S.K.: 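Quick one: the structure is below, and I'll ask about it shortly.
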Amino acid sequence: LPSGRIGVYDLQVNEDVPSTRFELYQLPQPVACIVLALKRHDFDRLHGAHDRLQPGYHVIMLVEEDAADEMLTVFQSENR
């Protein structure tokens, strides 16, 4: 991540969010985002490209601060 202004995000995946419709390699995220790990029920694990996010998961990500707003849209409910 070239800018050096990096945030670490721990995002909970909720029902009815766009991120649940994609495998990780298809996730419509800015290039400046890296998924580090998936967490569910106090169990952390490294992910694979074909993992699919499900409600209740936590996603640990590194994100350039300039890309944070765009990244967050994939984790927000479409029913807002």
Side-chain angles (χ1 to χ4, degrees):
L1 302 174
S3 81
R5 298 187 62 227
I6 298 169
V8 178
Y9 289 78
D10 179 349
L11 302 169
Q12 182 172 349
V13 179
N14 296 314
E15 298 280 344
D16 298 323
V17 296
S19 62
T20 59
R21 293 194 305 257
F22 303 95
E23 292 185 357
L24 286 179
Y25 81 94
Q26 299 170 317
L27 204 59
Q29 290 291 287
V31 174
C33 298
I34 298 171
V35 175
L36 297 176
L38 303 179
K39 180 168 64 170
R40 183 166 183 140
H41 304 296
D42 296 328
F43 180 77
D44 298 337
R45 71 179 185 89
L46 297 177
H47 62 282
H50 295 284
D51 285 333
R52 185 177 295 262
L53 299 176
Q54 296 180 24
Y57 277 31
H58 283 253
V59 182
I60 312 300
M61 300 181 74
L62 289 179
V63 182
E64 279 191 11
E65 290 299 327
D66 294 343
D69 289 340
E70 182 181 354
M71 176 271 302
L72 289 171
T73 62
V74 177
F75 292 92
Q76 294 173 343
S77 174
E78 297 175 323
N79 297 324
R80 292 180 103 195

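What's counted below: heavy atoms across the whole structure, side chains too, no hydrogens, waters or symmetry copies. Remember, predicted model here, so these are calculated numbers, not experimental data.
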S.K.: If you take all heavy atoms of Thr73 and Glu70, which pair is closest and at what distance?
M.R.: OG1-O, 2.7 Å
S.K.: Salt bridge (charged side-chain N to carboxylate O under 4.0 Å, His left out) with Arg52: which residues, sequence neighbours excluded?
M.R.: none
S.K.: Would you say Ile34 and Leu36 make side-chain contact, with heavy atoms under 4.5 Å?
M.R.: yes
S.K.: Write down the atom of His58, the atom of Asp10, and the distance for their closest heavy-atom approach.
M.R.: ND1-OD1, 2.9 Å
S.K.: Could you give me the CA-CA distance, side-chain angles and deciding distance for Asn14 and Ser77, then say whether side-chain contact (heavy atoms from CB on, under 4.5 Å) is met?
M.R.: CA-CA 8 Å; Asn14 296 314; Ser77 174; over 6 Å; no
S.K.: Does Thr20 reach the side chain of Pro55, with side-chain heavy atoms less than 4.5 Å apart?
M.R.: yes
S.K.: Taking the side chain as C-beta and beyond, is there a heavy-atom pair between Val8 and Leu62 under 4.5 Å?
M.R.: yes
S.K.: Atom CG of Asp66 and atom CZ of Arg5: how far apart are they, to the nearest 0.5 Å?
M.R.: 6.0 Å
S.K.: Rounded to the nearest 0.5 Å, how far does CD of Gln76 lie from CG of Asp16?
M.R.: 13.5 Å
S.K.: Report the C-alpha separation of Val63 and Leu72 in whole Å, then their side-chain angles, then the decisive distance to 0.1 Å, and conclude whether the side-chain contact (heavy atoms from CB on, under 4.5 Å) test is met.
M.R.: CA-CA 10 Å; Val63 182; Leu72 289 171; over 6 Å; no
S.K.: If you measure from CD1 on Ile6 to CE on Met61, what distance do you get to the nearest 0.5 Å?
M.R.: 12.5 Å
S.K.: Could you report the tightest heavy-atom contact between Val35 and Leu38, atom names first, then the distance?
M.R.: CG1-CD2, 4.3 Å
S.K.: Return a table of donor-acceptor pairs under 3.5 angstrom between the side chains of residues 22-32 and protein atoms on other chains or two or more places apart.
M.R.:
residue, atom, partner, partner atom, Å
Glu23, OE1, His50, ND1, 2.6
Gln26, OE1, Glu23, N, 3.1

